[in-house]
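The model shown is predicted, which means the values in this text are computed figures rather than measured ones. Heavy-atom basis, side chains included; hydrogens, waters and symmetry copies ignored. Lettering of chains follows the sequences in order, A, B, ..., and the numbering in each one begins at 1.
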Amino acid sequence: MIDVRLLRSEPDAVRSALARRHQPEVLEQLDRAISFDTLSRDIVAKRDAIRAEVNDLSKEVGQRRKSGDTAGAEELQIRSRAIGEHERVLAGEFDVVQSDLRELLLRIPNVPHPDAPDGAGDVDNPVVKGPVNMPAEFAEHKRVPHWETGTALGILDNERATKISGAMFTMQRGNGAALARALCQYALDRNVDEFEEIRPPSLVTTATLTATGQLPKFADDAYSIERDDLWCIPTAEVPLTSIYSGEVIEAEQLPLKMMAYTPCYRREAGSAGRDTRGMLRAHEFDKVEILAVASPEQAPGLLVEMTGRAEALIAGLGLPYRIIEICTGDMGQSHHRSFDIEVYAPGCDNWLEVSSISWFSDYQSRRADIRYRIAGQKGTQMTHTLNGSALAVPRVWAAILENYREPDGSVTVPGVLHPYMRGVERISGR
RNA sequence: GGAACGGUGGCAGAGCGGACAAAUGCACCCGCCUUGAAAGCGGGAGGCUCACAAGGCCCGGGGGUUCGAAUCCCUCCCGUUCCGCCA
């Protein structure tokens, strides 16, 4: 949620920043929000003046009662009651305007960072690094999609996954399952130097899913358990961000760095049939997420650090990759600035998005009410949040099967994963 | 799921219809005292809204009663204990 005070003090700056997202309806919402805010301040001023009057009268009623002036007290009561009617009307109006305003603000996206590249959509995302590790050409035996290799080796069984749960569910078996788990273990071990490992709940309340920005706008993308008013998390970002919701953190505690390995659930409404072969897009997948709660000053450095960490994991696996920056027209609603890491998969002949690292400025913190206090200073400020996929399993799993496919159809396991694979260095057919 | 009891400031904990932003203790900050510190003494200090002041709001959330609610009523949430169920 963007700051209403910013809307008041610098409406033009907010407008031109949001205009870079190339979504005309956002600017309309902005105008309505500004007029709601003006109206609400107008009403609250009147309401408060009346409340002050009622408070004064009530005090006097008490005093007169005490001194025995019953008649005088009763006369004041009558007056106060009449004024109270008016107060009730104004208070009602205020509540309506406030909730309309909040509803609007929850749907207005974050302002992009000034340095975020301009663009209308994903084709405008500039490559900021790479390709790294990219061979001049790929041998024919690597030009095999992972779903063929995985099925042939008996480590991918999507046919039965579909029988069990329906379309767009996947299932890994044997060394394929081990490979998926090894990737998570690898990602956790490489970040435990700085990030606290968390095992959060994967079902969360509506308030929690609203704090990170998925609700109210993107309800169709999440699985909901209506009977208990809970939602399945689409990413560990959701529970991790809300760990400190409603709390005030001492400045010297910042940044708070956390990571979690969780399943992620996405309905993928509207994307059925698109890039859904093999492991490319599924309703349920595993991911290791890294997250930081920081001061505004710490945030830019953390964005660089966290992007570097995600990159190091991919580089460590020896996969060809590149880093792109997300342009203003392609940014997620909560994002202030964002980078993606893409891995090249020769079998699909495609760059696969395997990691996304984002800075949310105070957008999520304001929704979640996460503040910090500087010792010796009055008041509190909103924190900044950042997060990124350290490693999203399915597409990395897919890229390994394609990049490490041998002429005989087996798959070599990258060296860094050997310790987590019970010594298996090569996955061959049974 | 059932029953009982709870939810008040950083923490503990009083207040249970009228001057309560809220006693007291601990912790914290500033003085005095001291070579320095502790103890002792004196003083200060919550959050939100807000340019500031004034005003308003905040005693788990929401609603109600009342001239007036931390205090009474309803409802929801959370916690503790006991029972039931269960990995």
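- Ion pairing between A:D369 and A:R367 fails under the 4.0 Å rule for side-chain N and carboxylate O.
- Comparing the P positions of B:rA69 and B:rG17 gives a spacing of 14 Å, expressed to the nearest Å.
- Look at A:D118 and A:R20 and you find a salt bridge, because one of the NZ, NE, NH1 or NH2 atoms lies within 4.0 Å of a carboxylate O, short of that distance.
- B:rU8 and B:rG61 have their P atoms separated by 10 Å, given to the nearest Å.
- A salt bridge links A:D193 to A:R309: one of the charged nitrogens lies within less than 4.0 Å of a carboxylate oxygen.
- A salt bridge does not link A:D221 with A:R266: none of the charged nitrogens is closer than 4.0 Å to a carboxylate oxygen.
- Look at the P atom in both B:rG7 and B:rA14: the space between them is 8 Å, to the nearest Å.
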* Asked: Could you spell out the base pairing of RNA chain B in dot-bracket, with Watson-Crick or G-U pairs whose two distances are under 3.5 Å, [ ] crossing and | to another strand?
  -> ((((((((.[[[..)..(.....]]].(((((.......))))).((((.....)))).[[[[[..)....]]]]])))))))....

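- For the P atom pair drawn from B:rG9 and B:rA70, the interatomic distance equals 15 Å after rounding to whole Å.
- Looking at heavy-atom distances under 4.0 Å, A:S80 makes contact with sugar-phosphate atoms alone, never a base.
- Looking only at distances, no side-chain donor or acceptor of A:W231 sits under 3.5 Å from a matching main-chain atom of A:A219.
- Of the residues A:E289, A:E305, A:E196, the one that meets the salt bridge (Lys or Arg N to Asp or Glu O under 4.0 Å) test with A:K257 is A:E305.
- Using atom P as the reference point in both B:rC28 and B:rC11, the two lie 15 Å apart (nearest Å).
- Of the charged side-chain nitrogens involved, at least one lies within less than 4.0 Å of a carboxylate oxygen, so that A:D31 and A:R15 count as a salt-bridged pair.
- Checked against the 6.0 Å centroid criterion, the rings of A:F360 and A:H384 do not qualify as a close aromatic pair.
- If you take atom C1' in B:rG46 and the same atom in B:rA27, they sit 14 Å apart, rounded to whole Å.
- For A:V54 and A:K66, each mapped to the nucleotide of RNA chain B holding its nearest heavy atom, the one lying further toward the 5' end belongs to A:K66.
- Separating the C1' atom of B:rU75 from that of B:rG42 is a span of 49 Å, rounded to the nearest Å.
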* Take nucleotides 47-62 of chain B nucleotide by nucleotide from the 5' end and write B, S or -, depending on whether a protein heavy atom sits under 4.0 Å from the base, only from the sugar-phosphate, or from neither. => SSSS----BSS-----

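- One finds no salt bridge joining A:K59 and A:D56 here, because no Lys/Arg side-chain nitrogen approaches an Asp/Glu carboxylate oxygen to under 4.0 Å.
- Residue A:L76 contributes atom CG, which lies 19 Å from atom P of B:rG18 at whole-angstrom precision.
- Annotation: of the two residues near RNA chain B, A:R81 and A:D95, the 5′-most nearest-nucleotide partner is A:D95.
- Between A:E252 atom CD and B:rC28 atom P the separation is 14 Å, expressed in whole Å.
- Across the protein-nucleic acid pair, A:R88 atom CZ and B:rG63 atom P stand 13 Å apart, rounded to whole Å.
- The gap from the C1' atom of B:rC85 to that of B:rA21 amounts to 46 Å, rounded to the nearest Å.
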